[in-house]
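Here the structure comes first, spelled out in structure tokens, and everything after it is commentary.
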Number of protein chains: 2
Amino acid sequence: MAPTAVTPVVLGLLALGPRSGYDIKAAVDRSTRFFWAASYGQIYPELRRLEADGLVAGEDAPNGARGRRVYELTDSGRKALEEWLLGTSVTIEYRDESLLRLFFADALPREQALALLEARQRGHEQYLDVLRAIDALPGRDPDFVDLVLRWGIDFNDWGRQWCEHQLQRLRRKKRS
Amino acid sequence: MAPTAVTPVVLGLLALGPRSGYDIKAAVDRSTRFFWAASYGQIYPELRRLEADGLVAGEDAPNGARGRRVYELTDSGRKALEEWLLGTSVTIEYRDESLLRLFFADALPREQALALLEARQRGHEQYLDVLRAIDALPGRDPDFVDLVLRWGIDFNDWGRQWCEHQLQRLRRKKRS
DNA sequence: TAGTGCATGTAATGCGTTACATGATTTC
DNA sequence: GAAATCATGTAACGCATTACATGCACTA
């Protein structure tokens with residue numbers, strides 16, 4: 001089966017340990033969703049496809065009468081993950097409404113345009129709060145999982161400062 | 001009509017001057033596509049919707065026998081743009097395969113994992129080249145158009161340095 | 001016992017890209 | 001005369017989200 005956008009997340013998360021579809025969705029919402037989202041509508045069908053292809057192995061692991069199916073990576077699954085990790089595809093999709101507003105902000109009176117920059121700065125600050133709260137959670141993550149969290153924190157901190165700096169620059173420019 | 005993702009781009013670009021659908025697509029590909037893409041399949045139907053709603057006015061402006069329809073913003077179109085500019089929606093969608101790779105890089109031998117960071121750094125460098133070439137193009141842009149281009153350049157420059165710095169840190173850590 | 005969380009799954013919907021069709025004009 | 005660019009437009013396809021349905025288990 002041709003891999004889809006959700007394939008690497010499922011394989012990658014299963015590489016960190018066996019999980020159910022529900023668990024995978026929960027892990028995504030805690031971690032990769034900031035740069036790679038996935039929904040139930042993708043995860044469950046994908047797990048069945050991957051099992052049919054022998055990349056993951058599912059096993060029923062009910063809690064009492066409540067059904068539950070836990071998947072783990074097979075050897076070919078691990079190999080497929082490593083191949084993807086070493087691959088060269090570079091999908092980047094970015095949609096940022098705040099940047100789009102800034103881009104068209106010349107249509108506004110100067111003060112309102114600058115307020116958009118301030119709003120963007122606050123957005124970074126709020127994001128920082130969220131990520132720092134995740135960072136403060138107990139338990140240590142593998143090195144590269146932690147590295148990516150650090151990226152999120154550093155990026156938003158940079159973005160916050162960038163907005164501040166540009167605000168100063170543009171206010172100076174206005175006066176001159 | 002309820003506004004869609006493509007509505008603000010069309011209104012915003014028309015605020016910078018009258019354009020055809022083709023022109024809009026070309027402008028998007030030169031500018032907003034980095035953070036807000038749009039395709040013909042969105043732009044042409046949207047122009048007809050906006051005209052039906054009175055937000056833009058189209059006029060046939062053929063080049064010889066070759067058909068061409070140029071649109072300009074009406075007063076209510078400008079008002080709709082300003083409303084969106086002052087709105088509070090904050091759509092952010094981000095899909096970055098390079099970050100996803102890093103996130104799962106613990107599954108690789110250390111050296112190969114670090115190579116992923118190096119690859120990300122090169123990605124930033126290439127992006128920088130593209131944006132700096134755009135920046136070097138003759139003609140000056142409105143302040144905030146220029147600000148967003150500056151953001152792209154500064155962000156990639158920051159990202160490049162971040163990768164470099166983390167590479168050093170992780171290599172040091174390995175030795176200890 | 002009511003509410004929340006665990007757990008699986010799918011149908012409907014919406015959105016956006018890709019690819020194609022058509023044809024004129026300009027440029028080399 | 002060929003190739004690239006200008007210009008409009010749509011149909012098909014794939015992808016992803018949303019929303020819903022179902023029901024068990026724990027906890028306050």
Side-chain angles (χ1 to χ4, degrees), chain A residues 1-10 13-14 18-30 32-52 56 58-71 89 91-97 100, chain B residues 1-10 13-14 18-30 32-52 56 58-71 89 91-97 100:
Chain A
M1 262 304 83
T4 69
V6 86
T7 311
V9 203
V10 171
L13 285 175
L14 290 181
R19 279 168 171 76
S20 67
Y22 186 86
D23 294 336
I24 290 174
K25 171 61 170 154
V28 163
D29 285 345
R30 255 184 283 114
T32 69
R33 77 154 148 137
F34 297 106
F35 51 90
W36 202 275
S39 66
Y40 285 127
Q42 298 171 272
I43 293 167
Y44 283 111
E46 179 68 15
L47 282 169
R48 265 174 282 136
R49 272 196 301 272
L50 290 174
E51 186 166 23
V56 306
E59 194 186 348
D60 285 318
N63 268 14
R66 182 165 56 190
R68 183 174 144 87
R69 191 170 177 82
V70 169
Y71 295 86
S89 55
T91 299
I92 295 183
E93 277 161 48
Y94 188 35
R95 210 154 244 249
D96 186 326
E97 195 171 3
L100 191 63
Chain B
M1 260 306 80
T4 69
V6 86
T7 311
V9 203
V10 171
L13 286 175
L14 290 181
R19 280 169 169 73
S20 68
Y22 185 86
D23 294 335
I24 290 174
K25 171 64 170 156
V28 163
D29 286 345
R30 257 184 280 114
T32 71
R33 77 153 149 140
F34 296 106
F35 51 90
W36 203 275
S39 68
Y40 285 127
Q42 299 173 271
I43 293 167
Y44 282 112
E46 179 67 15
L47 282 170
R48 264 173 282 136
R49 272 196 300 272
L50 290 174
E51 186 166 22
V56 306
E59 196 188 347
D60 285 319
N63 268 14
R66 180 164 57 191
R68 182 176 147 85
R69 190 171 178 82
V70 170
Y71 295 85
S89 55
T91 300
I92 295 183
E93 277 161 49
Y94 188 35
R95 211 153 244 251
D96 186 326
E97 194 169 4
L100 190 64

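Heavy-atom basis, side chains included; hydrogens, waters and symmetry copies ignored. The chains referred to below are lettered A, B, ... by the order of the sequence lines, with proteins before strands, and numbering in each begins at 1.
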Q: Could you state the atom-to-atom distance from CZ of A:Arg69 to C1' of C:dC6 in whole Å?
A: 18 Å
**Q.** A:Lys25 side chain vs A:Ala38 backbone, donor-acceptor pair below 3.5 Å
**A.** yes
Q: Respond yes when some side-chain nitrogen or oxygen of B:Tyr40 is under 4.0 Å from OP1 or OP2 of D:dG9, and no when none is.
A: no
Q) Between A:Arg33 and D:dA16, does any side-chain N or O lie under 4.0 Å from OP1 or OP2? A) no
Q) Nearest to the side chain of B:Ala5, which nucleotide is it out of C:dT25, C:dG16, D:dT17? A) C:dG16
Q.
Regarding A:Ala37, tell me which of base, sugar-phosphate or nothing describes its non-hydrogen contacts under 4.0 Å with the strands shown.
A. sugar-phosphate
Q) Counting distance only, does the side-chain N/O of B:Glu51 pair as donor-acceptor with the main-chain N or O of B:Gly58 below 3.5 Å? A) yes
Q: Consider only side-chain N and O atoms of B:Ser89 and A:Glu97, and report whether a donor and an acceptor are under 3.5 Å apart.
A: yes
Q: Please work out if B:Ser20 contacts a base, only the sugar-phosphate, or nothing of the nucleic acid, heavy-atom cut-off 4.0 Å.
A: sugar-phosphate
Q. In whole angstrom, what separates A:Arg19's CZ from C:dT8's P?
A. 13 Å
Q.
Over all strands shown, is B:Gly41 touching base, sugar-phosphate only, or nothing at heavy-atom distances under 4.0 angstrom?
A. base
Q) Roughly, in whole Å, what's the span from CZ in B:Arg66 to P in D:dA4? A) 16 Å
Q: Mind calculating the distance between CZ (B:Arg49) and C1' (C:dG16) to the nearest angstrom?
A: 12 Å
Q | Nearest-Å distance for atom pair CD1/C1', residues B:Ile43 and D:dG9 | A | 12 Å
Q | Rounded interatomic separation in angstrom, taking CZ from B:Arg95 and P from D:dA16 | A | 5 Å
